[in-house]
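Written below as structure tokens is the structure these notes are about.
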Amino acid sequence: MAETYDFNAVERKWQAYWDAHHCFTAEAAHDKPKFYALVEFPYPSGAGMHVGHIKAYTSLEILSRKRRMQGYNVLFPMGFDSFGLPAENYAIKTNTHPHDITTANIEHFKDQMKRVGYSFDWTREIATSVPEYYKWTQWIFRKLYDHGLVFRAKTLVNYCPNCKVVLSNEDSQGGKCDVCHSDVIQLPKDVWYLKITAYADKLLEGLNDVDYPDAIKQQEVDWIGKSVGAFVNFKVKDIPEALEIYTTRCDTLYGVTFMVIAPEHPMLDKYRERIGNWDEVEAYRAACAKKTEFERTQLSKEKTGVRLQGFTTINPVSGKEIPVFIADYVMMGYGTGAIMAVPAHDQRDWEFAHKFGVDIIPVIEGGDIEKEAYTGDGRMINSDFLNAYDNKKDSIAAMLEYLGEHDLGRKGIQYKMKDWAFNRQRYWGEPIPLIHCPKCGTVGVPYEELPLRLPDVENFAPGTDGQSPLARIESFVNCTCPQCGGPAKRETDTMPQWAGSSWYYLRFIDPHNDKVFCDPEEMKYWMPVDWYNGGMEHVTRHLLYSRFWHHFLYDIGEVNTPEPYAKRTYQGLILGPDGDKMSKSKGNVVDPISVIDRLGADALRLYVMFMGDYMAATPWSEDSANGCKRFLDRVWRLQDMVKGEGYTDDEMRTKVNACIKKVSEDYERMKFNTAIAAMMSLVNDCYAKGSLTKDEFHTLLLLLYPVAPHISEELNERIGFAPLHHTAWPEYDPDALALNTVEYGVQVNGKIRARLKLPVGMEQKDIVDAALALGDVKPFIEGKTIRKTIVVKNIINLVVG
RNA sequence: GCGAUUGUGGUGGAACUGGCAUACACAACAGACUUAAAAUCUGUCGGGGAAACCUUGCGGGUUCGAAUCCCGCCAAUCGCACCA
């Protein structure tokens with residue numbers, strides 16, 4: 001009898017073995033087929049690993065171990081996204097240095113990952129906050145700058161009053177700060193932008209060439225939000241400048257009864273002396289400015305606005321005079337910040353028109369505009385030359401042509417996605433390599449001076465003046481202009497959290513190179529990433545950002561593929577035992593390391609993969625986790641049941657081969673739960689027989705190894721085989737799966753009534769006769785005529801009446 | 001409001017292209033072993049029962065046959081949200 005399973009000893013033993021034999025180091029040679037598996041490197045928070053990390057990493061861990069056995073050269077790297085606000089906030093609170101905290105956290109994370117037994121190639125470990133790494137982040141930024149994709153603009157920006165930083169649109173989704181969840185406010189500020197909108201179309205088109213789930217593609221498409229429409233110029237009465245609007249329905253131009261411009265629209269200030277009710281306008285603008293983004297959406301039902309006195313426009317096609325309002329349902333950040341309102345066919349305009357008593361003129365037939373706006377298709381009416389067009393495609397085309405001929409407007413494209421606000425007024429990030437020279441303007445830090453190192457600072461607190469702590473370091477700020485040699489000042493903002501992760505997959509390929517960010521020959525072999533797994537929450541942040549950088553690097557000839565990731569998958573959340581999202585405040589967080597302490601790393605890995613559909617959210621269950629440990633104990637005890645070699649009998653031969661097929665295929669489809677269920681069934685079969693052969697056991701351990709590598713290696717060694725890591729993945733024998741009998745389900749009128757075992761290859765007529773003769777079938781067909789018989793796969797259906 | 005995803009036993013979930021619904025686990029119950037408990041092993045386990053029958057959120061439909069396809073509801077989760 002074997003002793004009870006001591007998972008601590010076994011796991012330590014095999015982790016030491018893998019370490020000593022460098023089992024997971026990607027090979028330098030390029031002669032084998034490659035497999036680049038990537039999981040999102042973590043931000044090294046003080047809390048350590050979360051069970052979510054376990055779920056995110058174990059899937060590709062399984063695939064990586066399997067691929068190595070299948071003869072691939074596998075790159076499965078890990079590193080740390082180590083710049084970021086939490087470390088800085090913690091440093092301010094505890095009066096320590098973010099660098100020290102980050103270093104300690106990285107060590108902690110690494111220890112934890114090693115305890116889980118992950119097969120990461122630690123020789124390629126990177127951290128985004130070390131100068132050898134961020135040198136190249138700055139280098140890419142400089143390239144973006146050289147190619148005109150970095151610009152500075154004073155606009156309304158998202159600002160977190162708690163973190164005291166400007167946020168990108170992606171970082172303030174839902175009107176909340178990504179870091180601290182405070183309400184984000186809109187402030188006019190001078191900030192650096194990356195021109196991601198210039199890549200909107202490439203980011204859209206690129207989705208056609210990659211293997212991403214539809215849910216991910218759809219979210220990116222929606223976020224980019226491409227819309228095709230028209231810009232139309234409306235003459236303003238007694239003013240030489242026209243008011244330009246954007247619309248997707250230029251064919252409804254004859255139905256325009258008023259215009260709306262955003263409260264922040266620049267024409268207001270420009271022509272303020274023309275506006276009779278300026279006091280009223282200013283009061284309204286002040287009220288809008290006070291609202292947070294959150295309030296603006298909460299109040300979305302009730303339309304507000306002010307009609308401008310002495311500022312009216314002329315409808316370019318009908319020549320009618322049209323009143324102009326300001327209202328906050330029109331946003332300055334989309335289109336031109338001004339719209340033509342067609343209340344008959346737009347619900348928002350309809351509501352506004354009702355409240356302010358403006359005319360409603362239908363120009364499309366259909367619906368009941370007394371009740372609500374009609375947004376469907378139909379025949380054009382009240383529209384002069386457009387009358388009688390009966391679908392919007394044709395009427396839009398006709399109007400566009402007319403607008404073009406008369407120089408009144410043009411076709412235009414708009415995106416919901418905005419340019420990427422790229423600076424943070426904080427310390428713990430990559431310094432932006434730009435210099436402000438009073439003579440030359442903005443000048444890039446020369447490439448040979450990179451990395452531009454983050455200087456040491458005593459006080460990390462952000463300035464009350466909205467400036468980065470770096471602004472207080474005179475030795476950093478004051479410099480000479482690389483162009484004219486005169487005195488100049490450095491940019492003191494740093495890059496946002498997402499900068500370093502936008503290209504990290506390239507650095508993993510060649511992490512120690514100090515000449516280039518990645519050797520082109522290495523890149524040619526390893527790129528693209530074959531399989532990238534990560535969280536759904538990164539789809540409109542990191543995933544989009546890194547695709548943007550990669551497309552840019554491709555355009556300037558620095559990388560060899562347009563898209564970085566050939567295939568992307570995501571994991572579903574692990575919910576707390578109560579079915580709610582895990583959170584500290586709810587106290588339902590499960591610590592993976594405490595699970596390892598109790599049940600072992602193999603049991604943790606097994607349970608997380610067994611708990612349900614990989615992409616679905618599933619609650620944690622302590623009982624089920626115990627059950628997985630129990631399964632491993634059952635496998636452990638199989639060592640006392642080993643008898644003989646080869647196959648126990650034909651039945652086991654079939655079962656073992658079916659299991660090889662099922663597990664091999666299910667791992668590839670990320671159906672880890674059913675793969676594990678198949679292995680559990682096989683173990684149950686062995687218990688039912690009371691024995692299994694050495695070879696059967698070996699095969700089972702090969703299949704189990706990617707999920708539970710420690711126990712598998714140990715048992716495999718005990719029955720006398722060479723380490724599984726160096727063994728080829730098993731192939732199933734198709735002959736063993738070819739059955740000589742089929743078990744049919746016999747239906748009468750579609751309802752199952754009996755089961756029938758028959759030899760393979762019988763004539764359909766004989767099969768039906770056998771089914772008709774069954775005692776269980778007789779009562780249902782007696783006295784009735786057989787109208788039709790169907791034999792498909794393993795179903796016999798007798799249709800009677 | 002728009003978009004995506006999902007709805008199956010007491011629980012987590014299986015069911016690949018329409019073909020034997022509830023695999024595999026958890027929990028529960030019973031038996032064996034034990035002085036006893038735990039552990040382990042072996043059974044039972046959707047409802048109803050003599051059988052028929054009913055059962056994949058609800059109501060229709062297509063089909064020899066529907067958890068799966070179509071139409072109409074309802075509910076939940078996530079994402080976007082006055083995008084002109």
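In what follows, chains carry the letters A, B, and so on, assigned in the order in which the sequence lines appear, proteins first and then strands, with residues in each chain numbered from 1. All figures in this text were calculated on a predicted structure; none of them were measured in a lab. Computation of the quantities below employed the complete heavy-atom set of this structure, encompassing side-chain atoms and omitting hydrogens, waters and symmetry-equivalent molecules.
Nucleotide A84(B) holds its P atom 14 Å from the OH atom of Tyr415(A), rounded to whole Å. A25(B) atom P lies 6 Å from atom CE of Met680(A), rounded to whole Å. For the pair Met340(A) CE and A84(B) C1', the computed distance is 9 Å after rounding to whole Å. Rounded to whole angstrom, the span from the CG atom of Asn749(A) across to the P atom of C20(B) amounts to 17 Å. For Leu599(A) and A25(B), the CG to P distance is 17 Å, given to the nearest whole Å. One atom, NZ of Lys788(A), and another, C1' of G65(B), lie 10 Å apart when rounded to the nearest Å. Atom NZ of Lys392(A) is separated from atom C1' of A84(B) by 13 Å (rounded to the nearest Å). Going from atom CD1 of Ile396(A) over to atom P of A84(B) covers 12 Å, rounded to whole Å.
Taking the six-membered ring where the residue is Trp, Phe352(A) and Phe356(A) present parallel rings, their angle staying beneath 30° rather than reaching 60°.
Neither side chain, Asp602(A) nor Tyr607(A), offers a donor N or O lying under 3.5 Å from an acceptor on the other.
Closest to the side chain of Ala677(A), from the set C20(B), A23(B), A27(B), is A23(B).
Comparing the C1' positions of A66(B) and G18(B) gives a spacing of 6 Å, expressed to the nearest Å. Spacing of C1' atoms, C80(B) relative to U68(B), comes out at 30 Å, to the nearest Å. Nucleotides C58(B) and U63(B) have their P atoms positioned 23 Å apart, rounded to a whole Å. Of the P atoms belonging to A67(B) and U17(B), the separation is 16 Å, rounded to the nearest Å. Spacing of P atoms, A52(B) relative to U8(B), comes out at 28 Å, to the nearest Å. Comparing the P positions of C54(B) and G60(B) gives a spacing of 14 Å, expressed to the nearest Å. Taking the C1' atom of each, U42(B) and G49(B) are spaced 27 Å apart, rounded to whole Å. Comparing A14(B) with C20(B), their C1' atoms are spaced 15 Å from each other, to the whole Å.
Between Tyr334(A) and A84(B), a side-chain N or O to OP1/OP2 separation shorter than 4.0 Å is present. Residue Arg753(A) places at least one side-chain N or O under 4.0 Å from the OP1 or OP2 atom of C53(B). The shortest distance between the side-chain N/O atoms of Lys751(A) and the OP1/OP2 oxygens of C54(B) is below 4.0 Å.
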Problem - Evaluation steps, side-chain contact (heavy atoms from CB on, under 4.5 Å), between Leu544(A) and Met417(A) - result: CA-CA 11 Å; Leu544(A) 201 61; Met417(A) 182 172 69; 4.0 Å; yes

Exercise for the section: Go through Tyr193(A) and Trp420(A) one step at a time and tell me if the ring pair (Phe, Tyr, Trp, His ring centres under 6.0 Å) criterion holds. Expected result: CA-CA 5 Å; Tyr193(A) 285 97; Trp420(A) 179 5; over 10 Å; no

Write out a two-atom table: protein N or O, nucleotide N or O from nucleotides 74-79 of chain B, distance below 3.5 Å.
none

Below 3.5 Å is the cut-off: list the nitrogen or oxygen pairs between protein and nucleotides 39-44 of chain B, distance only.
unit_1 : atom_1 : unit_2    : atom_2 : d
U40(B) : O3'    : Arg637(A) : NH2    : 3.1
C41(B) : OP1    : Arg634(A) : NH1    : 2.8
C41(B) : OP1    : Arg637(A) : NH2    : 3.3

Close N/O contacts between protein and nucleotides 66-73 of chain B (under 3.5 Å):
none

Exercise for the section: With pairs defined as Watson-Crick or G-U wobble and both distances under 3.5 angstrom, please note down RNA chain B as a dot-bracket string, | for pairing with another strand. Expected result: (((((((..(((......[....))).(((((.......))))).((.....))..(((((..]....))))))))))))....

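Note on Lys418(A) versus Glu170(A): no salt bridge recorded, every NZ/NE/NH1/NH2 to OD/OE distance being 4.0 Å or above. Between Asp640(A) and Arg637(A), no side-chain nitrogen of the basic residue sits less than 4.0 Å from a carboxylate oxygen of the acidic one, so the salt-bridge criterion is not met. Salt-bridge formation is detected for the pair Asp201(A)/Lys226(A): a Lys NZ or Arg NE/NH1/NH2 atom is positioned less than 4.0 Å from an Asp or Glu carboxylate oxygen. Under 4.0 Å is where a charged nitrogen must lie from a carboxylate oxygen, and between Asp666(A) and Arg669(A) at least one such pair does. A salt bridge is defined here as a Lys NZ or Arg NE, NH1 or NH2 lying under 4.0 Å from an Asp or Glu carboxylate O, and Lys416(A) with Asp222(A) fails to meet this definition. Salt bridge annotation for Lys671(A)-Glu665(A): absent, with no cationic side-chain nitrogen under 4.0 angstrom from a carboxylate oxygen. A salt bridge links Arg541(A) and Asp178(A); the closest N-O separation between the charged side-chain nitrogens and carboxylate oxygens is under 4.0 Å.
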Practice task
Classify every nucleotide of nucleotides 7-19 of chain B by which part a protein heavy atom approaches to under 4.0 Å, writing B for the base, S for the sugar-phosphate alone and - for neither, in 5'-to-3' order.
Solution key: -----BSS-S--B

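Contacts of Arg568(A) classified as salt bridge (charged side-chain N to carboxylate O under 4.0 Å, His left out), with partners at least two apart in sequence or in another chain: Glu40(A).
A cation-pi arrangement is absent between Lys757(A) and Tyr744(A), since the terminal nitrogen or guanidinium carbon is not both under 6.0 Å from the aromatic centre and inside a 45° cone about the axis. Relative to the six-membered ring of Tyr614(A), Lys55(A) meets both conditions, a distance below 6.0 Å and an angle of at most 45° to the axis.
With a glycosidic angle more than 90° from 0, G61(B) adopts the anti conformation.
The two residues Lys581(A) and Asn588(A) make their nearest non-hydrogen contact at O-ND2, 3.3 Å. Closest approach of Ile364(A) and His345(A) over heavy atoms only: N-NE2, 3.1 Å.
With Asp377(A) contributing its side chain and Lys392(A) its backbone, the two residues share a donor-acceptor pair below 3.5 Å.
The residue Gly627(A) sits close only to the backbone: its heavy atoms come under 4.0 Å of sugar-phosphate atoms, none of a base.
Around the NZ atom of Lys355(A), the shell of radius 6.0 Å holds more than 12 heavy atoms that belong to other residues, nucleotides or ligands.
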